[in-house]
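One structure below.
Sequence lines set the chain letters: A, B, ... in the order given, protein chains first and strands last, and positions in each chain run from 1. Note that these values count all heavy atoms, side chains included, but never hydrogens, waters or copies made by symmetry.
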Amino acid sequence: RKEVEQDPGPFNVPEGATVAFNCTYSNSASQSFFWYRQDCRKEPKLLMSVYSSGNEDGRFTAQLNRASQYISLLIRDSKLSDSATYLCVVPGNAGNMLTFGGGTRLMVKP
Amino acid sequence: NAGVTQTPKFQVLKTGQSMTLQCAQDMNHNSMYWYRQDPGMGLRLIYYSASEGTTDKGEVPNGYNVSRLNKREFSLRLESAAPSQTSVYFCASSEGLAGGPNTGELFFGEGSRLTVL
């Protein structure tokens with residue numbers, strides 16, 4: 001299994017929809033997980049951190065399933081401004097490094 | 001609020017030429033990183049510096065060298081550029097070492113787009 005795997009998408013959803021992305025990871029010892037958002041031709045920026053079972057911030061919910069080794073990102077009431085690529089980030093197997101997934105592209109349409 | 005500043009933002013090189021990407025952060029962070037991003041492959045770590053005076057190889061260090069000039073600055077050098085090094089390069093910094101027990105947020109520069117012909 002790759003260290004971090006994401007469905008590249010794109011996910012095309014209408015405004016107001018709920019959309020969820022999954023990310024699987026291979027390092028069972030990982031304790032902290034992150035979702036970064038990257039707009040087109042811009043730098044990644046931290047969206048959410050996940051240290052225990054999950055985290056919620058407004059319309060965004062991140063959940064962690066340690067048994068199945070995946071984390072998910074749920075976006076409710078999608079806005080046009082949510083259109084971006086969402087990067088799953090976990091500690092790598094080598095230690096002292098973070099491993100980035102390839103990203104899932106979301107396109108929210110009017 | 002400069003954060004992480006990278007230069008240059010765009011560069012075109014011919015195969016075999018050398019160049020240095022500069023990075024500076026004003027957040028007093030201990031750790032700094034260089035990543036490259038290629039389509040569909042996510043960000044891959046080239047080199048990192050856990051603290052001033054130390055540097056370590058990341059996932060894809062071949063063809064690159066780095067210098068942690070001081071706490072603020074971390075440069076990436078391509079000694080003999082190859083077309084395979086065409087990519088977008090991101091410098092990042094964090095207070096603690098990413099992936100370690102005090103993992104925190106990574107702050108990225110705006111990226112440097114490098115094309116090697």
Counting heavy-atom pairs under 4.5 Å with chain B, the top scorer among A:Gly102, A:Gly103, A:Gly101, A:Pro44 is A:Pro44

When the 4.5 angstrom heavy-atom criterion is applied to A:Pro8 and chain B, the contacting part is neither

Close side-chain approach of A:Asn55 and A:Phe60, heavy atoms under 4.5 Å: no

Measure A:Gln38 against the heavy atoms of chain B and call it side chain, backbone, both or neither at under 4.5 Å. side chain

Does any backbone or side-chain atom of B:Arg44 lie under 4.5 Å from a heavy atom of chain A? Answer side chain, backbone, both or neither. neither

Can you confirm whether B:Leu78 sits close enough to B:Leu114 that some side-chain heavy atom of one is under 4.5 Å from a side-chain heavy atom of the other? yes

Turns out that what part of B:Phe107 lies under 4.5 Å from chain A's heavy atoms comes down to neither

Distance-minimising heavy-atom pair for B:Gln11 and B:Met19: CG-SD, 3.5 Å

Using the benzene-type ring in the case of Trp, are the ring centres of B:Tyr48 and B:Phe74 under 6.0 Å apart? no

Structural part of A:Arg105 lying under 4.5 Å from a heavy atom of chain B: neither

Chain B contacts, top residue of A:Arg41, A:Lys45, A:Lys42 (heavy-atom pairs, under 4.5 Å): A:Arg41

Are A:Tyr36 and A:Glu43 side-chain neighbours, meaning at least one heavy-atom pair lies under 4.5 Å? no

What I want to check is whether the side chains of B:Arg68 and B:Thr55 have a donor and an acceptor closer together than 3.5 Å. no

